[in-house]
Amino acid sequence: MNQAANGPKPWVLISGATSGFGEATALTLSAAGWNVLLAGRRQERLERVALACQTAGAEAHIAAWDVRDREATDHGVAQLMQAAGLGSGDGDPKLRALVNNAGLAVGKGPFDEGLDDDWARMLDTNVKGLLFLARACVPYMCAGSRMVNMGSIAGKQVYTGGNVYCASKHAVDALSQAMRIDLVDRGIGVSQICPGAAETEFSMVRFKGDAEAAEAVYQGYDPLVAQDIADAVEFVLSRPGHVCINDMVIMPTAQASAHHWNKQPS
Ligand code: NDP
Ligand code: 8X3
């Protein structure tokens with residue numbers, strides 16, 4: 001559905017917009033008639049994505065901050081809302097959607113060999129960062145607004161070496177249900193999208209720049225690509241007001257679960 005056909009363009013805030021799912025979602029929603037507010041840590045990437053969104057017809061504003069920092073998150077959201085002319089008061093224009101997508105895995109191995117810093121990065125980003133951003137955005141939302149949380153198959157199942165990342169995404173699963181309950185009286189719908197293996201920068205981050213390990217994750221089958229998830233976000237956000245897609249699990253056809261694959265030897 002082209003949002004532009006329905007009056008003034010709605011605004012969406014997308015976290016993790018510098019690469020992968022967030023970047024593809026920003027471009028897809030821009031082409032579908034949304035205006036975009038883009039967040040991430042890498043300023044130059046944000047500038048590049050914003051330019052592409054503008055070329056696709058959107059008004060775009062950016063703010064760079066780390067979602068693990070609560071004060072920076074409150075400040076970044078306020079800055080973006082002001083740039084877009086959105087407000088928290090009665091009668092102010094409101095944020096139509098938040099795509100709470102920023103997240104990462106760091107490391108993969110037995111929990112008793114895990115590193116404090118890796119655990120902190122995952123839990124602080126995927127759980128507390130998601131909460132900080134959601135809480136900061138809600139005052140700028142209204143009945144009809146939508147929140148889309150980026151979960152994972154790792155939030156539905158646990159796999160070898162996934163321990164803390166899986167725990168963080170199980171938390172996203174629980175929080176998505178809890179937020180839906182907490183926001184139902186305000187008419188704000190909460191959706192979760194749970195992808196399986198998708199080829200983005202995710203594995204390079206997880207394996208700390210080890211390109212060989214990252215590439216091996218996607219060998220022998222066709223993984224999802226960022227556009228597959230962007231299309232899902234656009235579908236969720238283009239449903240009529242009375243419809244909320246609560247939960248969507250999207251896998252490569254060659255992946256039946258976190259444990260079952262149809263991989264061809266290379
Ligand atoms: P990418 O690594 O390509 O993108 C991750 C994004 O998150 C980047 O834009 C990054 O921006 C942002 N980000 C990470 N940490 C922070 C932080 N502390 N503060 C602000 N932004 C941050 O990976 P994906 O696109 O694949 O990942 C997006 C989401 O999807 C994540 O939540 C991930 O867990 C989830 N996911 C990924 C799957 C996959 O197989 N790829 C499958 C299932 C879920 P920057 O570095 O500029 O801050
Ligand atoms: C990312 C997908 O399977 O690596 O959430 O956990 S997986």
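Atoms within a ligand are numbered from 1 in the order they appear, just like the ligands themselves. This is a predicted model, so every value here is computed, not measured.
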> Is there a nitrogen or oxygen of Tyr159 sitting under 3.5 Å from a nitrogen or oxygen of ligand 2?
Replying inline: yes

> Tell me: protein heavy atom nearest atom 25 (O) of ligand 1, and distance?
Replying inline: Phe21 N, 2.8 Å

> With the threshold set at 4.0 Å, does a side-chain nitrogen-carboxylate oxygen contact exist between Arg135 and Asp74?
Replying inline: no

> Just how far is it from atom CG of Leu224 to atom CD1 of Ile250, taken to the nearest 0.5 Å?
Replying inline: 7.5 Å

> Taking heavy atoms and a distance under 4.0 Å, where does Ala226 meet ligand 1: side chain, backbone, both or neither?
Replying inline: neither

> So between Met150, Glu199, Glu44, whose heavy atom ends up nearest atom 35 (C) of ligand 1?
Replying inline: Met150

> To which of Pro195, Ala64, Gly103 does the heavy atom nearest atom 5 (C) of ligand 1 belong?
Replying inline: Gly103

> Does Arg45 pair with Glu201 as a salt bridge, N-O distance under 4.0 Å?
Replying inline: yes

>> Looking only at protein heavy atoms, which one is nearest to atom 26 (O) of ligand 1, and what is the separation?
In response: Thr200 OG1, 2.6 Å

>> Just to be sure I'm reading this right: ignoring hydrogens, which of Val205, Thr18, Asn101, Ile14 gets closest to atom 29 (C) of ligand 1? Compare them by their nearest heavy atoms.
In response: Asn101

> In terms of atom number and element, which parts of ligand 2 are under 4.0 angstrom from non-hydrogen atoms of Ala154?
Replying inline: 6 (O)

> When you check the side-chain N and O atoms of Arg42 and Thr18, is any donor under 3.5 Å from an acceptor?
Replying inline: yes

>> Tell me whether ligand 2 is touched by Arg206 - counting only heavy atoms on the residue side and a distance under 4.0 Å.
In response: yes

>> Nearest non-hydrogen contact with atom 14 (C) of ligand 1 belongs to which option: Gln43, Met122, Lys169, Arg41?
In response: Arg41

> Would you say the side chains of Gln192 and Asn149 form a donor-acceptor pair under 3.5 Å?
Replying inline: no

> For atom 4 (O) of ligand 1, which candidate among Pro252, Ser19, Gly20 holds the nearest heavy atom?
Replying inline: Ser19

>> Test of understanding: given a 4.0 Å heavy-atom threshold, classify the contact between Tyr165 and ligand 1 as side chain, backbone, both, or neither.
In response: side chain

>> Could you work out, for atom 42 (C) of ligand 1, the closest of Ala198, Ala102, Gly196, Ala230 by heavy-atom distance?
In response: Gly196

>> With a heavy-atom distance limit of 4.0 Å, tell me whether Thr125 approaches ligand 1 through its side chain, its backbone, both, or neither.
In response: side chain

>> Show me which atoms of ligand 1 lie under 4.0 Å from any heavy atom of Asp66.
In response: 17 (C), 18 (N), 19 (N)

>> Please find the pair of heavy atoms, one from Trp65 and one from Thr73, that lie closest to each other, and give the distance.
In response: NE1-OG1, 3.0 Å

> If you measure from each non-hydrogen atom of Ile153 to ligand 2, which part falls under 4.0 Å: side chain, backbone, both or neither?
Replying inline: side chain

